[in-house]
Number of protein chains: 2
Amino acid sequence: MPKHPITDARADGLMIGELSRQTGVNIETIRYYERIKMLPAPPRTTGGRRIYGPLETRTLLFIRRARELGFSLDQIRALLALGGPGKATCSEVCAIATRHLDEICSKIADLQKLKRLLSRTVAQCSSDAVPDCAVLDVLYPPAVKTNTTMRGKVNASR
Amino acid sequence: MPKHPITDARADGLMIGELSRQTGVNIETIRYYERIKMLPAPPRTTGGRRIYGPLETRTLLFIRRARELGFSLDQIRALLALGGPGKATCSEVCAIATRHLDEICSKIADLQKLKRLLSRTVAQCSSDAVPDCAVLDVLYPPAVKTNTTMRGKVNASR
DNA sequence: TCTAGTTCCTGTAGCAGCTACAGGAACAAG
DNA sequence: CTTGTTCCTGTAGCTGCTACAGGAACTAGA
């Protein structure tokens, strides 16, 4: 009767491949999430295959979205716990999100510092020989300007 | 005669602890760099301890600086190769730096998108009960708004 | 000379967050 | 019954480190 690959047992419920297709989350990743207890272990068919209901789909989409927004798995775990049966206040949820927002802001600030430095440096590129390359000048420590040709002097036991 | 912990063999040259202190790079990290061939294996004392010369110090500082600027180890390897004995043009070095700069820029752009979305969302925090939390609304997929209390229905073998 | 304390050595395992196998069992369709 | 697909478990790999364990080498003091 059903022509889609709905398989066995209770007819509603997806197998892992379908869940993966519907959520855009890799199969191996789904199993990984189960292993690290991000997702509850779903029931199985008699043959041992996982069957997922709408709740799991929803949870997985939640996780995926949160990952896209850069939340760590631990943060997501906390969010799921707050949204869960215990119930909590919105401000607790916001606290996690705000902390994450702070992290994002400081990451942006760091990257912008890098960007300024690097683009200033790259702009000086001369296309000439390497010894005068501005990029290498920024990278190499300015102090030790010693002769680069002093190798293999010490010993060499072993 | 020497009161500083310069040990054995040729008197110039640092042991790994001193190198670590001077460069600010963790001892274990230095050995790790050697293992993955970021740093050449240095000569050893008869007792088997590594002795580093000024070139190694310089290289390690280079690596550290490049890491601070967010270059990957592979990129740094490439930079070191270019700066090395083969010599290359400044534009080759700049090519690597420019690619890295592009990565930084797109990371910044991504993070700023996140930042806007998250801060807009967090701003709506009501401090009230969870069901109406704006953060969770953003995270949860808008489609499936089904009853959350339908668990443990399918089967439960195993 | 013996001993204590420090530094160093190798090798292995762990972190996040996956991804990619190998080798086998279960299923659907011809 | 066979073929092909999907699924299963378990393990190892990725990046860039960090942290151990268990032992060897060195220094300084008694």
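In what follows, chains are A, B, ... by sequence order, proteins preceding strands, each numbered from 1.
If you measure from atom CD of B/Glu18 to atom P of D/dT27, you get 15 Å, rounded to the nearest angstrom. One interatomic measurement links the two molecules: CE of B/Met15 to C1' of D/dA24, which rounds to 13 Å at whole-angstrom precision. Regarding B/Tyr52, its OH atom lies at a distance of 14 Å from the C1' atom of C/dT7, rounded to whole Å. Atom CG of B/Leu39 and atom C1' of D/dG16 are 14 Å apart (whole Å). Put simply, CZ on A/Arg64 is 16 Å from C1' on C/dG17, counting in whole angstrom units. In this entry the distance linking CE of B/Met38 with P of D/dG16 reads 9 Å, nearest Å. A/Glu34 places its CD atom 16 Å from the C1' atom of C/dC18, with the value rounded to the nearest Å. For B/Arg21 and C/dC8, the CZ to C1' distance is 12 Å, given to the nearest whole Å.
Of the candidate nucleotides C/dC27, D/dC26, C/dT19, C/dC27 has the atom lying nearest to any side-chain atom of A/Arg49. Side chain of B/Asn26, nearest nucleotide from D/dA24, C/dG17, D/dT18: D/dT18.
Distances shown here put every side-chain N or O of B/Thr45 at or beyond 4.0 Å from the OP1 or OP2 atom of D/dA25. At C/dC9, one or more side-chain N or O atoms of B/Arg31 fall inside 4.0 Å of OP1 or OP2 (strictly under the cut-off). Distances shown here put a side-chain N or O of A/Arg44 below 4.0 Å from the OP1 or OP2 atom of D/dT9. Phosphate contact (OP1/OP2 of D/dT18, side-chain N/O of B/Thr29, threshold under 4.0 Å): present.
Comparing A/Phe71 and B/Glu28 against DNA chain C, the residue whose closest nucleotide sits nearer the 5' end is B/Glu28. For B/Tyr32 and A/Gly17, each mapped to the nucleotide of DNA chain D holding its nearest heavy atom, the one lying further toward the 5' end belongs to A/Gly17.
Residue A/Arg67 is classed as a sugar-phosphate contact, given heavy-atom separations below 4.0 Å to backbone atoms only. Residue contacts shown for B/Arg50 are limited to sugar-phosphate atoms, with no base heavy atom under 4.0 Å away. When heavy atoms are screened at a 4.0 angstrom cut-off, B/Ile27 is found touching the sugar-phosphate backbone but no base atom. Within the 4.0 angstrom heavy-atom criterion, only backbone atoms of the sugar-phosphate kind lie near B/Tyr33; the bases stay farther away.
At a threshold of 4.0 Å, the pair B/Glu56-B/Arg50 does not count as salt-bridged, since none of the basic side-chain nitrogens sits closer than that to a carboxylate oxygen.
With sequence neighbours excluded, no residue satisfies ring-ring contact (aromatic ring centres under 6.0 Å, His included) with B/Tyr32.
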Show me the side-chain donor-acceptor pairs of residues 60-69 of chain B shorter than 3.5 Å, one per line, residues at least two apart or across chains.
unit_1, atom_1, unit_2, atom_2, d
B/Arg64, NE, B/Glu68, OE2, 3.0
B/Arg64, NH1, B/Thr23, O, 2.6
B/Arg64, NH2, B/Glu68, OE2, 3.1
B/Arg65, NE, A/Val138, O, 3.3
B/Arg67, NH1, B/Phe71, O, 2.6

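No side-chain heavy atom of B/Leu14 sits less than 4.5 Å from a side-chain heavy atom of B/Ile51.
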Test salt bridge (Lys or Arg N to Asp or Glu O under 4.0 Å) on A/Glu18 and A/Arg21 and set out the steps. CA-CA 5 Å; A/Glu18 252 309 288; A/Arg21 250 162 271 134; 2.6 Å; yes

